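The structure appears below as structure tokens.
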Amino acid sequence: SETEEPDSPCGWPLMAAVRPAIETRRLILRPPIDDDAETIARLANSATVARNLVGMPHPYRIEHARAWLAEPVDPRGQRHLICRKGFDAAPTPIGVLTLDMRGRLGPGWLGCWLGERHWGQGYATEACHAAIDYAFLHQRHERLLFACRVTNQAGRRVIEKCGFQMVAQELASVVGSGAAVAIDRFRIDRSTWESIRAWEPLRVHNREAERAEWGERRTELRAPVERI
């Protein structure tokens with residue numbers, strides 16, 4: 001039988017996913033697994049959270065989370081569970097971040113949401129900075145897109161702090177109700193990102209490196225990383 005491996009230093013099972021985990025100063029962005037469905041549903045099942053988004057149904061049930069987790073991820077996309085680091089405990093999930101290719105070869109669409117109790121602390125900006133860095137440096141994207149409802153002023157502030165510029169205003173259909181709402185569409189290209197990037201570097205944890213680190217330093221909360 002297959003030997004069970006311990007959890008990795010950054011708080012996710014070593015065998016859970018091929019995709020790397022990304023570490024920032026306060027956060028771990030890791031691949032979500034099936035066991036995260038209940039946590040995701042609990043964070044997402046908020047009328048206030050859903051009101052800011054176009055693609056999130058409300059009420060949000062565990063069946064929605066399981067269906068989302070079962071969807072394939074494009075190799076050029078991203079899917080992260082955003083986790084806040086703990087001092088003496090495993091990282092705490094606080095939200096979700098995605099880079100959705102939407103079945104096209106063109107630019108990826110960045111998306112991010114947090115559970116309501118985690119708003120206003122800069123976590124969304126920190127997570128988006130990391131995902132944007134990873135998209136340009138590791139996935140070799142040339143351009144990224146973002147869309148948010150015109151009423152979502154917090155989302156707008158986050159994405160503008162990341163260097164995105166508004167390029168259009170459109171109508172979109174809300175999942176569930178089908179209501180048409182106005183959204184602002186934003187864009188950032190590689191040259192803009194290179195000219196403004198001034199935030200802290202991210203750290204990328206991959207499975208092979210963490211397995212080697214675990215064998216050498218079981219008691220430490222560090223792993224070999226690529227600093228960029």
Side-chain angles (χ1 to χ4, degrees), residues 4-46 48-49 52 56 60 62 64-66 68-69 73 78-99 110-135 138 154-155 157-158 161-162 199-228:
E4 183 178 351
E5 297 194 39
D7 287 350
S8 74
C10 64
W12 56 288
L14 285 169
M15 298 300 292
V18 175
R19 293 177 178 275
I22 299 172
E23 182 179 2
T24 67
R25 182 171 61 89
R26 299 182 296 169
L27 303 173
I28 296 289
L29 279 61
R30 67 163 175 83
I33 59 176
D34 292 344
D35 288 347
D36 294 318
E38 184 175 351
T39 297
I40 292 170
R42 175 174 49 81
L43 290 167
N45 190 31
S46 162
T48 307
V49 172
N52 285 327
M56 179 180 286
Y60 192 96
I62 192 169
H64 293 118
R66 287 171 176 159
W68 177 72
L69 288 167
V73 182
Q78 299 180 37
R79 178 186 293 168
H80 305 289
L81 190 65
I82 305 170
C83 301
R84 186 186 67 241
K85 293 180 184 178
F87 292 105
D88 298 312
T92 302
I94 63 173
V96 163
L97 187 147
T98 61
L99 184 64
L110 186 69
C112 179
W113 61 265
L114 300 179
E116 190 175 354
R117 63 179 293 189
H118 307 290
W119 293 2
Q121 301 174 67
Y123 293 136
T125 302
E126 188 171 331
C128 286
H129 280 164
I132 293 164
D133 282 358
Y134 189 80
H138 289 268
R157 288 193 295 270
V158 166
K161 283 188 286 187
C162 293
W199 44 82
E200 294 184 17
L202 56 83
R203 304 169 70 194
V204 178
H205 297 256
N206 62 65
R207 190 173 64 181
E208 290 74 18
E210 289 203 346
R211 186 181 291 113
E213 172 75 5
W214 187 264
E216 296 175 3
R217 300 179 180 179
R218 289 177 177 270
T219 61
E220 294 185 9
L221 293 179
R222 297 179 57 201
V225 297
E226 178 179 351
R227 185 173 291 276
I228 56 177

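Since we're looking at a predicted model, the values are computed, not measured. Every heavy atom of this structure was used, including side-chain atoms; hydrogens, water molecules and symmetry mates were not.
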query = Considering the options Leu81, Leu114, Asp36, which one meets the side-chain contact (heavy atoms from CB on, under 4.5 Å) requirement together with Val96?
reply = Leu81
Could you tell me whether the side chain of [Y] reaches within less than 4.5 Å of the side chain of [X], counting heavy atoms only?
{"X": "Ile94", "Y": "Leu27", "answer": "yes"}
{"X": "Leu110", "Y": "Thr98", "answer": "no"}
{"X": "Val204", "Y": "His138", "answer": "yes"}
{"X": "Tyr134", "Y": "Leu29", "answer": "no"}
{"X": "Leu97", "Y": "Cys128", "answer": "yes"}
{"X": "Lys85", "Y": "Ile28", "answer": "yes"}
{"X": "Cys112", "Y": "Ile82", "answer": "yes"}
{"X": "His205", "Y": "Arg30", "answer": "no"}

task = Decide side chain to side chain contact (heavy atoms under 4.5 Å, CB included) for Ile40 and Trp68; before the verdict, give the C-alpha distance in whole Å, the side-chain angles of both, and the deciding distance to 0.1 Å.
result = CA-CA 10 Å; Ile40 292 170; Trp68 177 72; 3.7 Å; yes
Measuring from atom [atom1] of [X] to atom [atom2] of [Y], what distance do you get when rounded to the nearest 0.5 angstrom?
{"X": "Met56", "Y": "Asn45", "atom1": "CE", "atom2": "CG", "value": "9.5 Å"}
{"X": "Leu43", "Y": "Glu116", "atom1": "CG", "atom2": "CD", "value": "11.0 Å"}
{"X": "Ile62", "Y": "Thr39", "atom1": "CD1", "atom2": "OG1", "value": "9.0 Å"}
{"X": "His129", "Y": "Ile22", "atom1": "NE2", "atom2": "CD1", "value": "13.5 Å"}

remark   = Ala135 meets the side-chain contact (heavy atoms from CB on, under 4.5 Å) criterion, sequence neighbours left out, with Gln78, Leu99, Gln139, His141, Leu144
remark   = The side-chain contact (heavy atoms from CB on, under 4.5 Å) partners of Asn52 (sequence neighbours excluded) come to Trp119, Asn152
remark   = For Cys83 and Pro91, the nearest pair of non-hydrogen atoms, with its separation, is CB-CB, 3.6 Å
message = Which heavy atom of Gln121 sits nearest to which heavy atom of Arg117, and what is that distance?
response = NE2-O, 3.5 Å
task = Answer yes or no: is there a donor N or O on one side and an acceptor on the other, between the side chain of Glu126 and the main chain of Arg26, under 3.5 Å?
result = yes
message = Using modelled atom types and a 3.5 Å cut-off, is there a donor and acceptor pairing between side-chain atoms of Arg79 and backbone atoms of Leu69?
response = yes
request  = May I ask you to check whether over 12 heavy atoms, not counting those of Glu38, lie within 6.0 Å of atom CD?
outcome  = no
